[in-house]
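Every chain is numbered from 1 and lettered A, B, ... according to where its sequence line falls, protein lines coming before strand lines. Because only heavy atoms are used, hydrogens play no part in the values below, and waters and symmetry mates are left out as well, while side chains stay in.
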Amino acid sequence: MEANFAALAEAAPRIWEGLGITLLLTLGGALLAIVIAVVLGLGARLNNVFLRGICRAFIEFFRGTSLVVQLFFFFFVLPQLGVDLPAMVCGILGLGLNYGAYCAEVVRGSINSVPTGQWEATTALSLSKTQRMRRIIFPQAWALMIPSLTNYLIHMLKGTAIVSFITLADLTYHTEQLRQDTNTFFAYGVSLVIYFVLAYILTLMMNGLEVQAKHKLGRGDSLRETLSLKAPETTVAAEGGRG
Amino acid sequence: MNELWDWDAAYAVLPELLLAFLKVTLLVTVVSTAIAAVLGLVIAILRMSVPKPVAVVINFIGDFIRMTPIVVQLLFAYWTFLSVDAIVIGIAVFGIHYSTYMAEVYRAGIESVPKGQWEATKALSMSKSRTWIAVIIPQALRATVPALGNYAISMFKDTPFLLTIGVVEMVRAGLTFGGNHFRYMEAITLAGVIFLLASYPTSLLISRLEKRLAYNY
Amino acid sequence: MPTTTEPETVPAPATAATVPAIKFENVEKRFGDNVVLKDLNFEVAKGDRVTLIGPSGSGKTTILRLVMTLEDLSGGFIYIDGEPLTHEERGGKRVELGEKAQKQIRKRIGMVFQQFNLFPNMSVLENIIEAPVHVLGQSKEEATARAMELLESVGLPDKADAHPLELSGGQQQRVAIARALAMDPEILLLDEVTSALDPEIVGEVLGILRHIAATTDITMLIVTHEMQFARDVSNRVMMFDGGKVVEEATPEVMFTNPQHERTQSFLHAVLGNAEDQIGTR
């Protein structure tokens with residue numbers, strides 16, 4: 001066991017680097033995904049049949065073709081077409097497009113579930129379509145979509161573990177290296193715990209966003225009030241469990 | 001040689017892809033879905049019938065499995081049980097991983113059964129097992145079918161992760177072909193198309209089923 | 001009835017006194033195969049307070065929603081101050097107006113809803129100044145000053161920074177009234193504004209509306225089950241049934257001496273024993 005920890009200490013800087021890659025992919029992918037999700041989610045509600053059709057096709061295409069296929073397409077096929085992107089860009093593109101398409105459905109669904117009374121009140125006040133969406137509907141939909149977005153963020157974090165196949169030395173890649181110096185159980189145990197802690201932190205952060213968003217809608221305490229109460233462990237576990 | 005799309009290559013790789021699709025991708029999806037569906041139900045019921053501290057432990061294990069990458073779990077199991085066939089490892093890991101999701105679906109389904117149903121079983125002095133089997137599960141299951149279907153599709157699209165433990169599923173087959181012929185275009189694209197052709201109609205079917213179930217409730 | 005001799009121009013500019021605030025012309029409204037309103041014609045003069053009564057499903061709320069353009073008009077025309085609201089007759093054809101033109105007219109109309117429909121992502125004050133600032137282009141200071149006046153008049157001057165959901169139903173509805181008035185509407189639509197409120201706070205909301213009715217000349221179209229309120233504020237009551245006006249009269253006549261048999265049975269069902277009190281108070 002001591003030898004294990006010695007090996008781990010030695011591998012720590014590399015694992016730290018791998019962690020950086022994993023985080024960069026997750027956050028970069030998430031940023032791209034949310035932009036795509038909002039654009040496609042709004043686009044899929046347009047009256048214009050042509051534009052709406054394009055958005056729908058885009059969503060179904062990227063949801064339907066599997067993350068790994070998309071990553072490999074960007075990494076292996078695009079160079080054949082003369083487009084040579086860095087592996088990191090391929091990774092972020094693949095993750096962002098795939099999960100962006102999933103999240104677009106979340107955005108669309110949340111917008112549609114803002115009560116009709118809210119839409120009608122904007123008509124009664126003569127707000128324009130843009131004002132209506134930007135100032136009234138989206139802020140309310142935002143609170144509704146966060147739990148689902150959290151799920152997809154965790155999915156994305158987990159999805160990054162494949163990127164060593166497109167030459168990125170992420171956390172999983174360095175775990176593999178560690179396995180050769182320690183034993184299987186130890187190496188993967190460390191890796192799984194790190195992923196779990198990352199996922200947990202991301203979930204907590206998203207829960208914070210949700211609390212804040214709900215507070216803005218007059219439901220529940222502010223984030224500061226919530227934090228000062230120090231949320232008990234079990235509640236968080238239950239939150240994370242909204243599969 | 002360097003044109004955008006080479007039909008010869010496409011025709012050459014298609015049978016290999018379809019073979020891998022049938023032999024691995026579909027097999028893993030079907031068997032693992034069955035495992036996840038059963039195991040998930042067991043976990044969900046267990047969690048509600050054991051003492052609270054035990055339930056907390058079960059919850060934590062479930063969260064842990066759900067919140068860590070399936071790729072790392074595959075590698076972990078693969079290197080731990082070296083004597084076991086990689087595809088068996090794959091089926092087991094997918095089954096267990098998704099059972100934690102399905103347990104959540106069942107939990108929601110069970111919680112959606114009205115309290116009065118539980119009270120009625122008590123008033124009739126029904127046994128615990130009869131309560132579950134005859135009253136709760138049949139009502140809970142109905143609402144969970146679409147969600148289970150969606151997770152099956154999600155698992156289907158996750159099957160390429162199997163290539164990390166050397167299982168030749170569809171994408172791996174495509175990569176190998178691409179590496180041998182220095183052309184990835186046809187193999188990867190066709191793999192994507194097959195995924196799309198299989199998953200899109202299925203998800204349409206499920207959303208239709210979802211609507212129908214919602215109406216009949 | 002104006003004759004349709006000059007199809008290109010707006011109906012002849014009549015004097016303000018003769019142009020009705022609201023005019024329904026052969027209005028038809030269908031939901032699928034279900035015809036809710038058919039061949040409906042009526043006018044509401046400027047400053048009129050008209051209450052629509054009738055059994056549920058008689059189409060009274062639909063009329064309000066049509067005026068607010070919350071429902072599409074299936075047939076016929078609605079005119080606001082003589083100008084077409086959503087459709088106009090052009091060369092003998094019924095043509096839908098552009099969004100811009102519709103919006104210009106819609107701005108003159110305000111509505112208070114049964115479920116308040118305050119925006120939960122904004123404070124009370126923000127709810128009230130939202131449209132004046134972003135639709136009418138008022139400055140924030142100007143809109144805020146007016147909003148505070150309105151809050152004062154609905155008895156909630158200290159709730160400006162409160163959150164809508166922190167307020168009671170009655171308070172929310174009072175804010176919603178202030179929000180509608182902040183747009184300085186020429187026409188105010190009140191759609192069962194007390195139906196979602198507990199009986200003991202209905203009074204506070206109706207009191208404010210009575211005050212508004214007494215101190216302004218806003219045209220009001222009201223759907224309500226509060227017959228005493230209808231009697232107090234309106235100068236005309238229209239009884240609807242099956243998408244048609246069955247009877248129309250002043251409240252005095254309508255509540256004490258209804259002519260039509262269906263009005264009689266409706267009022268009897270709604271008022272029960274209170275019928276006599278309403279008549280004599």
Carefully, step by step, assess A/T65 and A/Q70 under the rule side chain to side chain donor-acceptor pair (under 3.5 Å). CA-CA 7 Å; A/T65 50; A/Q70 287 157 31; 2.6 Å; yes
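Highest contact tally toward chain A, considering only C/H134, C/M68, C/K107, C/Q114, is held by C/H134 [criterion: heavy-atom pairs under 4.5 Å]. Comparing A/R135, A/K129, A/H215, A/Q140 by heavy-atom pairs within less than 4.5 Å of chain C, the highest count is held by A/R135. Taking C/R179, C/M111, C/E166 one by one and counting their heavy-atom pairs under 4.5 Å with chain A, the maximum is reached by C/R179. Among C/M183, C/E130, C/Q115, C/Q102, the residue making the largest number of heavy-atom pairs under 4.5 Å with chain A is C/E130.
Results of the side chain to side chain contact (heavy atoms under 4.5 Å, CB included) test with C/V112 over C/V205, C/D191, C/L190 single out C/L190 as the only residue that passes.
At a 4.5 Å heavy-atom cutoff, the contact between A/S128 and chain C is made by backbone and side-chain atoms alike. Heavy-atom distances place the side chain of C/R65, and not its backbone, under 4.5 Å from chain A. Contact annotation for C/L136: neither backbone nor side-chain heavy atoms come within less than 4.5 Å of a heavy atom of chain A. With a 4.5 angstrom heavy-atom cutoff, C/F113 touches chain A only via side-chain atoms. Residue A/Q131 touches chain C through its side chain alone, counting heavy-atom pairs closer than 4.5 Å.
Between C/F240 and C/F42, the angle of the ring planes goes over 60°, which puts this pair in the perpendicular group of the 30/60° scheme. Using a 30° and 60° split on the angle between ring planes, A/F196 and A/Y200 fall in the tilted class, from 30° to 60°. Note on ring orientation: taking the six-membered ring where Trp is involved, the planes of A/F138 and A/W142 are parallel (angle under 30°, cut-offs 30° and 60°).
Of the possible polar contacts, none joining the C/H87 side chain to the C/I78 backbone as a donor-acceptor pair under 3.5 Å is found.
Considering all non-hydrogen atoms of both residues, C/T224 and C/A230 come closest at CG2-CB, 4.2 Å.
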